[in-house]
Amino acid sequence: MTLTPQRLKRLVKQRERVEKLQEVELAEAMRLYRRREDALEESLGNREQLMELAAREGPLDVADFLAAGAYLHRVDREIGARRAALEHSANDVEEERSELLLRRRDRKAMEALLDKQMEEERVERARAELRFIDELATTRWRPHGGAL
């Protein structure tokens, strides 16, 4: 199967559409990363608030102390889970970014191939025109006795 210029143009357009879809995927992965980053910041803020409350002076209530310990344990687990989710999102963003770079390279290679083929066709047409003009000049010159 040969790649005609029309076929190459269709392939380039298809590669452009795939690249745009990949850009959408990357944007979505980045949005998810930012949401997870915000959630982690919120959990870290909750932990910081609890520590500030625990650091205040005054009488110590055992029930408050036990509740704060349980809450701290839950927040620490939440922070660990959110850090893991954030790391997973960072990996997803990197994968999507590298996939986008591959798609761009693929499209650019197709465009370069198309440009090369179009240039070759242009050169071949120019050569054909020159041959035609030479033949015309030769046929017109001969009937007039054209001896040098």
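Sequential numbering from 1 along the given sequence is applied to the chain's residues. The shown structure was predicted, so the numbers you read here are calculated from the model rather than taken from an experiment.
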Decide yes or no for Glu42 and Glu78: does some side-chain heavy atom of the first lie under 4.5 Å from some side-chain heavy atom of the second? no
Would you say the side chain of Glu95 lies within less than 4.5 Å of the side chain of Glu99, judging by non-hydrogen atoms? no
Result of checking Glu19, Glu16, Gln22 against Arg104 for side chain to side chain donor-acceptor pair (under 3.5 Å): Glu19
How far does CE of Met30 sit from CG of Asp92, to the nearest 0.5 angstrom? 12.5 Å
Step by step, would you call Arg103 with Arg15 a side-chain contact (heavy atoms from CB on, under 4.5 Å)? CA-CA 7 Å; Arg103 302 268 185 220; Arg15 295 295 198 270; over 6 Å; no
Evaluate whether atom CD of Glu28 has more than 12 neighbouring non-hydrogen atoms of other residues, nucleotides or ligands under 6.0 angstrom away. yes
Mind checking the CD1-CG spacing from Ile79 to Leu86? Nearest 0.5 Å is all I need. 12.5 Å
Go through the steps to decide whether Leu44 and Arg83 satisfy the test side-chain contact (heavy atoms from CB on, under 4.5 Å), and finish with yes or no. CA-CA 10 Å; Leu44 290 170; Arg83 277 191 176 134; 3.8 Å; yes
Check whether any side-chain heavy atom of Arg36 sits under 4.5 Å from a side-chain heavy atom of His88, and report yes or no. yes
From CA spacing to verdict: salt bridge (charged side-chain N to carboxylate O under 4.0 Å, His left out), Arg34, Glu37: CA-CA 5 Å; Arg34 283 190 295 277; Glu37 192 174 41; over 6 Å; no
Taking C-beta and beyond as the side chain, do Gln49 and Leu53 meet within less than 4.5 Å on heavy atoms? no
Between CE on residue Met110 and CG on residue Leu113, distance to nearest 0.5 Å: 7.0 Å
Would you call Lys108 and Glu111 a salt bridge, taking side-chain N to carboxylate O under 4.0 Å as the test? no
To the nearest 0.5 Å, atom OG1 of Thr4 lies from atom CG of Leu114 at 9.5 Å
Smallest heavy-atom separation, Ala68 atom then Leu50 atom, equals O-CD2, 3.5 Å
Can you measure from CG (Leu100) to CD (Glu25) and round to the nearest 0.5 angstrom? 11.0 Å
Are the charged groups of Arg131 and Glu124 less than 4.0 angstrom apart, N to O? yes
ILVMFWY cluster, Met51 and Tyr71 together (side-chain gap under 4.5 Å): yes
Does some side-chain heavy atom of Glu94 sit less than 4.5 Å from a side-chain heavy atom of Arg97? yes
Atom pair CG (Asn46) and CG (Asp76), whose distance is rounded to the nearest 0.5 Å: 11.5 Å
How close do Pro5 and Met118 get, heavy atom to heavy atom, and via which atoms? CB-SD, 3.7 Å
Check: Arg82 side chain, Ala39 main-chain N or O, donor-acceptor pair, under 3.5 Å: yes
Closest heavy-atom pair, Leu32 versus Ser89, reported as atoms and distance to 0.1 Å, is CG-OG, 3.8 Å
